[in-house]
Protein chains: 2
Amino acid sequence: MQTALATAGLPPVLAASLAGRAVPLPATETRAGLRRTVAAEAEIFAEGDRAGMFYKVVSGVVRTYKLLSDGRRQIDAFHLPGDIFGLETGAEHRFNAEAVTEAKLEVHRREPRALAGGDGALAREVVAAMMSGLERAQDHMMLLGRKSARERIATFLLTMSRRMACGGAAMELPMSRTDMADHLGLTVESVSRAVTQLERDGLIALPPNRRMVVVRDAKALARLAA
Amino acid sequence: MQTALATAGLPPVLAASLAGRAVPLPATETRAGLRRTVAAEAEIFAEGDRAGMFYKVVSGVVRTYKLLSDGRRQIDAFHLPGDIFGLETGAEHRFNAEAVTEAKLEVHRREPRALAGGDGALAREVVAAMMSGLERAQDHMMLLGRKSARERIATFLLTMSRRMACGGAAMELPMSRTDMADHLGLTVESVSRAVTQLERDGLIALPPNRRMVVVRDAKALARLAA
DNA sequence: CGTTGCATTGATAACATTCAATAGGAGTGG
DNA sequence: CCACTCCTATTGAATGTTATCAATGCAACG
C-alpha cells in the first residue's frame with residue numbers, strides 16, 4: 001500500500017485529500033456530525049487520549065491547554081462558537097480540552113469518509129482551522145516572548161472583543177482571571193493589576209460584574225498591543 | 001467558478017489538493033525546484049512581501065521572525081536542512097526570513113501545478129511541514145509562557161542537539177546568543193548566564209569556541225526541560 | 001598584533017511573582 | 001429580603017527573577 005506508507009503520520013483527513021480519494025459518505029452520517037453538550041469545567045478530552053474525534057464549537061467556550069509536570073499550565077487557545085479544535089497530527093491528543101462555560105459541540109470522526117464525501121465544505125474548514133490555528137499560535141508567541149503584562153492584556157481584550165463581535169458595547173469575558181493568566185503567561189495577580197491599571201488609564205471600563213469589560217479607547221489599546 | 005470561491009483564502013497548494021485537481025507538471029520544472037544560495041545574514045523575504053514562493057532548506061540555517069513596532073524581535077523558528085518554511089495562508093508573508101549561516105535553498109512556486117503533478121511527495125511534505133510547524137509552535141508557547149530561563153535553555157539545547165543529530169558529540173550552534181535570546185523570549189545576558197550556570201552544574205560543557213556545546217547530562221537536561 | 005564583534009560578567013533596577021490579607025458578587029437558605 | 005457563605009478578584013508588601021546598563025574578556029580576522 002503505497003498511499004498508506006506515503007501518508008504515514010498525516011491525519012487521514014488530509015492524507016485522503018492529498019491523494020485525491022473520494023470515499024462515499026454513508027447516508028446515515030450527516031454533515032453536521034453528532035452533538036454533545038458538556039457542562040462548564042467538564043473535560044472533553046485529555047492529553048494522550050486517542051484522537052478519534054475532533055470538535056466544532058456550536059455554543060459556549062472551550063479551552064485547550066498543556067501541563068508541565070509540576071502543574072504549570074499553558075492555555076493554548078480559547079475556542080469560540082464556530083471554531084474547530086481537537087485536530088491532531090498523530091494518533092493521540094496533544095492537549096487537554098475542557099469546557100469553560102457549558103458548551104454544545106459538533107463531534108466529527110477523524111476518518112476521511114466523514115469529510116471527503118459530496119460536501120467538501122467541512123474538509124476545507126478543517127484545513128482552514130489548522131492554518132488559522134498556526135497563525136494564532138505564531139502571533140501568540142510574539143505576545144508571550146516579548147510583550148509586557150499591560151501589552152498582553154491589551155492584546156487579549158482587543159482580540160476577544162473582535163472575536164466576540166460585540167459592537168462597541170460591553171463584553172462578558174467567559175473565562176476566569178486564572179484562565180486569562182495561564183493563557184497570557186502571567187499570574188492571576190498580574191492580570192488583575194494590569195486590568196485595573198487599564199481602567200485607571202481610561203482605556204477600558206469595569207462594571208461591577210467582574211467578567212464584564214467595556215472597551216473605551218480601542219485605538220489606545222491597539223497602540224499598546226503594538 | 002465555484003472552486004475558486006469555495007477555496008478562497010486557502011493556499012493554492014492545498015486548495016488544489018482538496019479539490020482533487022491534478023495539473024500536469026511542465027517538463028521544464030523539476031521536483032527539486034530552483035536553487036538559491038543566500039549569504040549569512042542576508043534577507044530571504046520580508047513581512048508583507050508577496051508570498052509567491054516557499055522554501056526548503058538544503059544546507060545552512062534560516063530564521064523566521066516577527067518584529068514589534070519598537071524593534072522587539074521574536075524568532076519563530078530556526079529552519080535546518082530538510083525543513084520547509086515560507087508557507088503562508090494568505091497572499092503575503094507574515095514573517096521575515098533571513099539566513100543565519102550561508103544557506104542553500106530549494107525554491108518552490110506556491111502554484112498548485114508545482115505540486116499536484118505526478119509526484120505527490122512534495123505536497124505531502126508541505127502539509128507535514130505545516131503541521132509540524134503547528135506542533136512546534138504549540139510546544140514553544142509552553143516554553144515562552146511558563147518556563148524559567150534555565151528551563152528554556154535546557155529545552156532549547158536538547159531540541160537542537162536532537163535536530164542536529166550529533167551523536168553524543170559536541171554540537172556547534174549555528175546562531176548567536178542574540179538569536180537564541182530572541183527565540184526564547186530572553187535577553188542575551190540572561191541566555192549567557194543560564195548557559196554558564198548549566199556548565200557550572202555540569203549538565204553541559206563549553207569549549208573555548210563559544211558556539212560549541214557538549215551535552216554532558218542529557219537526562220538532567222530533559223528533567224529541567226520538564 | 002591590534003582591531004572588531006560577540007560573549008561574559010558585574011551592579012543595579014524594573015517588572016512580575018509570591019505570599020498574605022481584604023473586598024466584592026453571586027448564590028443559598030432562612 | 002436579608003444575612004451568610006463561598007469563591008473569585010483585588011490590593012498590599014516583600015521577594016525574586018530577569019532586564020538594563022556598563023565594563024571586561026575573549027576569539028576570530030585582517
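A, B, ... follow the sequence lines: proteins, then strands. Residue 1 opens every chain.
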Could you grab the distance from atom [atom1] of [X] to atom [atom2] of [Y], nearest 0.5 Å is fine?
X	Y	atom1	atom2	value
Leu224(B)	Leu158(B)	CG	CG	10.0 Å
Ser192(B)	Leu186(B)	OG	CG	11.5 Å
Met164(B)	Thr159(B)	CE	OG1	12.5 Å
Gln74(A)	Gln138(B)	CD	CD	11.0 Å

- When the aromatic ring centroids of Phe95(A) and Phe85(A) are compared, is their separation below 6.0 Å? no
- Query: Hey, which of Leu173(B), Ile75(B), Asp179(B), Leu80(B) is the one that makes side-chain contact (heavy atoms from CB on, under 4.5 Å) with Val100(B)?
  - Reply: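 The passing option is Asp179(B).
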Calculate the interatomic distance between [X] atom [atom1] and [N] atom [atom2]; express it in whole Å.
X	N	atom1	atom2	answer
Glu151(A)	dA14(C)	CD	P	17 Å
Ile153(A)	dC15(C)	CD1	P	16 Å
Met212(B)	dA7(C)	CE	P	15 Å
Asp179(B)	dG5(C)	CG	P	17 Å
Leu206(A)	dA23(C)	CG	P	19 Å
Asn209(B)	dT8(C)	CG	P	11 Å
Leu186(B)	dA14(C)	CG	C1'	16 Å
Arg177(A)	dA23(C)	CZ	C1'	14 Å

- Message: Considering every strand and a 4.0 Å limit on heavy-atom distances, what is the contact class for Ser190(A): base, sugar-phosphate, or nothing?
- Response: base
- Looking at every strand, decide which applies to Ser192(B) at a 4.0 Å heavy-atom threshold: base, sugar-phosphate, or nothing. base
- Query: Going through the checks in order, is the ring pair (Phe, Tyr, Trp, His ring centres under 6.0 Å) test met by His108(A) and Tyr55(A)?
  - Reply: CA-CA 6 Å; His108(A) 295 279; Tyr55(A) 306 83; 8.8 Å; no
- Query: 5' to 3' on DNA chain D, which nucleotides open and close the contacts with chain A (atom under 4.0 Å from a heavy atom)?
  - Reply: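 Result: dA9(D) to dA13(D).
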- Message: Is it the case that the side chains of His93(B) and Glu88(B) hold a donor-acceptor pair, with the cut-off being a distance below 3.5 Å and no angle test?
- Response: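 Checked: Glu88(B)/His93(B) side chains pair up, N/O donor to acceptor below 3.5 Å.
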- Task: When you get a sec, tell me which of dA7(C), dC19(C), dT17(C) is the closest nucleotide to the side chain of Glu189(A)?
- Result: dC19(C)
- Query: Looking at Phe78(B), does the NZ or CZ of Arg63(B) lie under 6.0 angstrom from its six-membered ring centre and within 45 degrees of the ring axis?
  - Reply: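 No.
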- 5'-most contact on DNA chain D: Arg193(A) or Arg211(A), nearest heavy atom basis? Arg211(A)
- Task: Output the residues of residues 196-205 of chain B in contact with DNA chain D, where contact means a heavy atom of the residue under 4.0 Å from an atom of the strand; sort by number or write none.
- Result: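 Of all residues in residues 196-205 of chain B, none places a heavy atom under 4.0 Å from DNA chain D.
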